[in-house]
Amino acid sequence: VIPNGVDIARFTAPQDTSALSALRTQWGVSQEDILVVTASRLVLKNGTDDLIRALTFLPKNYKLIIAGDGDDRDKLRVLTQQKQLTERVVFLGGLSHEKLPSVLKACDIFCRPSLSEGLGISFLEAMAVGLPIIGTPVGGIPDFLQDGETGVFCQPRDPESIAKAVLRIQNVPGLRDTLIVRGSALVSESYNWENIAEDIGKMIRSI
């Protein structure tokens with residue numbers, strides 16, 4: 001099996017800290033807030049509604065940045081209002097791929113509580129940037145997410161489980177650093193487009 005890959009150079013390029021701080025200010029969050037970010041199409045399978053509900057189990061300084069657009073956008077905005085979370089959820093809309101690394105880097109944790117998933121390139125991009133990740137044990141996610149090693153698992157359709165995973169990353173001593181170091185190393189070694197292109201070339205030459 002030869003997987004898809006990540007543009008390592010784009011997602012590991014240094015980011016200007018003042019520009020990242022300016023992004024947070026633009027979003028209306030403080031430098032002390034803990035930002036959970038998700039990047040995906042806003043459709044049922046990506047579990048964004050569960051991620052919004054998870055905020056009700058987290059302290060008020062935990063906020064959610066949603067990058068992406070889709071059919072469920074209006075439903076998710078209504079849910080945010082119903083849960084009285086409008087000051088804790090930021091909808092960025094669709095983003096160009098060029099802007100995504102800085103958006104990810106300005107946040108603290110990446111989470112997509114998928115109901116189903118193929119490989120999950122967004123997880124790998126977040127790992128390359130240097131974010132700890134949270135995902136569900138579905139589809140291709142267990143291929144790269146080892147719980148407590150390269151990420152943390154939550155359960156599908158379980159907002160409280162998502163919140164517990166977030167707090168685990170924040171509160172367990174040394175876990176955040178372990179996830180960042182091992183996640184970055186895994187992406188660099190196994191999901192670098194240069195290495196994947198070489199593997200594809202070998203396969204084609206062998207046919």
Side-chain angles (χ1 to χ4, degrees), residues 15 19-117 120-123 125-127 129-136 138 141 151-171 176 179:
Q15 300 284 339
L20 297 180
S21 295
L23 269 181
R24 293 173 74 105
T25 300
Q26 177 183 325
W27 298 337
V29 300
S30 75
Q31 304 306 315
E32 291 73 33
D33 287 331
I34 306 301
L35 301 187
V36 179
V37 62
T38 192
S40 68
R41 289 184 301 116
L42 303 185
V43 294
L44 178 62
K45 86 162 196 72
N46 289 327
T48 311
D49 56 333
D50 293 323
L51 195 47
I52 292 171
R53 291 185 178 95
L55 287 179
T56 64
F57 298 98
L58 290 166
K60 291 184 178 180
N61 65 314
Y62 284 73
K63 299 181 179 179
L64 175 61
I65 307 299
I66 300 175
D69 206 346
D71 294 341
D72 287 353
R73 176 190 57 203
D74 293 339
K75 292 180 183 178
L76 295 172
R77 287 185 180 275
V78 169
L79 174 63
T80 300
Q81 293 170 352
Q82 291 173 339
K83 296 295 183 181
Q84 300 181 336
L85 295 169
T86 53
E87 294 184 357
R88 297 175 62 190
V89 179
V90 180
F91 289 88
L92 299 183
L95 293 177
S96 68
H97 211 235
E98 289 72 22
K99 293 182 178 179
L100 187 57
S102 59
V103 167
L104 292 174
K105 193 69 174 179
C107 298
D108 301 290
I109 296 171
F110 178 90
C111 180
R112 184 197 284 176
S114 310
L115 280 64
S116 64
E117 195 68 68
I121 292 296
S122 292
F123 291 96
E125 292 171 341
M127 293 163 80
V129 162
L131 287 186
I133 66 167
I134 298 170
T136 49
V138 303
I141 295 175
V152 169
F153 278 130
C154 64
Q155 295 306 310
R157 279 309 192 201
D158 190 341
E160 189 171 1
S161 171
I162 298 168
K164 288 179 178 178
V166 170
L167 293 174
R168 180 181 169 194
I169 290 173
Q170 288 301 110
N171 296 335
R176 164 180 283 277
L179 300 181

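For reference, positions follow the sequence shown, starting with 1. Reckoned from all heavy atoms, side chains included, excluding hydrogens, waters and symmetry mates.
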### Which atom of I133 lies closest to which atom of A126, heavy atoms considered
CG2-CB, 4.0 Å
### Task
Using the test side-chain contact (heavy atoms from CB on, under 4.5 Å), find all partners of E87 that sit at least two apart in sequence or belong to another chain.
none
### Message
Determine whether a donor-acceptor pair (N or O, by modelled atom type, separation under 3.5 Å) exists between the side chain of D33 and the backbone of S30.
### Response
yes
#### Entry: Atom pair CG (L131) and CD (E125), whose distance is rounded to the nearest 0.5 Å
11.5 Å
### Query
Just wondering, are more than 12 heavy atoms of other shown residues or ligands nearer than 6.0 Å to CD in Q84?
no
## Note on the structure
Taken to the nearest 0.5 Å, the spacing of L64 CG from L51 CG works out to 4.5 Å
### Query
Which atoms form the tightest heavy-atom contact between D50 and P159, and what is the distance?
O-CB, 3.6 Å
### Query
L85 versus T56: any side-chain heavy-atom pair under 4.5 Å?
yes
### Message
When you compare the side chain of K83 with that of L55, does any pair of heavy atoms fall below 4.5 Å?
### Response
no
### Query
Would a 4.5 Å heavy-atom cut-off, applied to side chains only, mark R176 and I109 as touching?
yes
### Task
Kindly indicate whether the side chain of V129, heavy atoms from C-beta on, has any atom under 4.5 Å from the side chain of Q15.
no
### Query
Hey, are the side chains of R53 and L79 touching, using non-hydrogen atoms and a 4.5 Å cut-off?
yes
### Query
Roughly how far, to the nearest 0.5 Å, is CD1 of I52 from CD of Q81?
10.5 Å
### Task
Find the distance between CD1 (I121) and OG (S40) and round it off to the nearest 0.5 Å.
14.0 Å
### Query
Less than 4.0 Å between a side-chain N and a carboxylate O, is that true for D74 and R77?
no
#### Entry: CZ/R73: more than 12 non-hydrogen atoms of other groups inside 6.0 Å
no
#### Entry: Audit row: W27, K63, side-chain contact (heavy atoms from CB on, under 4.5 Å) steps and yes/no
CA-CA 11 Å; W27 298 337; K63 299 181 179 179; over 6 Å; no
## Note on the structure
D108 meets the side chain to side chain donor-acceptor pair (under 3.5 Å) criterion, sequence neighbours left out, with none
### Short N-O contact, R157 and D49, less than 4.0 angstrom
yes
### Message
Is it the case that the side chain of R112 and the backbone of A39 share a donor-acceptor pair, with hydrogens and angles ignored and the cut-off at 3.5 Å?
### Response
yes
### Task
For P156 and V138, work out which heavy atoms get closest and say how close.
CG-CG1, 3.9 Å
### Query
For the side chain of T136 and the backbone of S114, is there at least one donor-acceptor N/O pair under 3.5 Å apart?
yes
### Query
Distance from S122 atom OG to R41 atom CZ, nearest 0.5 Å?
10.5 Å
### Message
Rounded to the nearest 0.5 Å, what separates atom NZ in K99 from atom CG in L23?
### Response
9.5 Å
### Query
Shortest non-hydrogen contact from P113 to C154?
CB-SG, 4.2 Å
### Task
Please name the residue in the list I169, V152, T38, I162 that meets the side chain to side chain contact (heavy atoms under 4.5 Å, CB included) test with C111.
I162
#### Entry: F57 and L167: CA distance, side-chain angles, deciding distance, side-chain contact (heavy atoms from CB on, under 4.5 Å) verdict
CA-CA 10 Å; F57 298 98; L167 293 174; over 6 Å; no
### Query
Do V36 and V166 come close enough that some side-chain heavy atom pair is under 4.5 Å?
yes
### Query
What heavy-atom pair brings F123 and I134 nearest, and what distance separates the two atoms?
CE2-O, 3.3 Å
### Query
Could you go step by step and tell me if D72 and L44 meet the side-chain contact (heavy atoms from CB on, under 4.5 Å) rule?
CA-CA 7 Å; D72 287 353; L44 178 62; 4.1 Å; yes
### Message
Taking E117 first and then K45, would you say they form a salt bridge - that is, a charged N and a carboxylate O separated by under 4.0 Å?
### Response
yes
### Query
With a 4.5 Å limit on heavy-atom distance, are the side chains of V78 and K75 in contact?
no
### Message
How about CG on N171, more than 12 heavy atoms from neighbouring residues, nucleotides or ligands closer than 6.0 Å, or not?
### Response
yes
### Query
Is there side-chain contact between V37 and L104, with at least one heavy-atom pair below 4.5 Å?
yes
### Exam field: side chain R88 to backbone Y62, donor-acceptor pair closer than 3.5 Å
yes
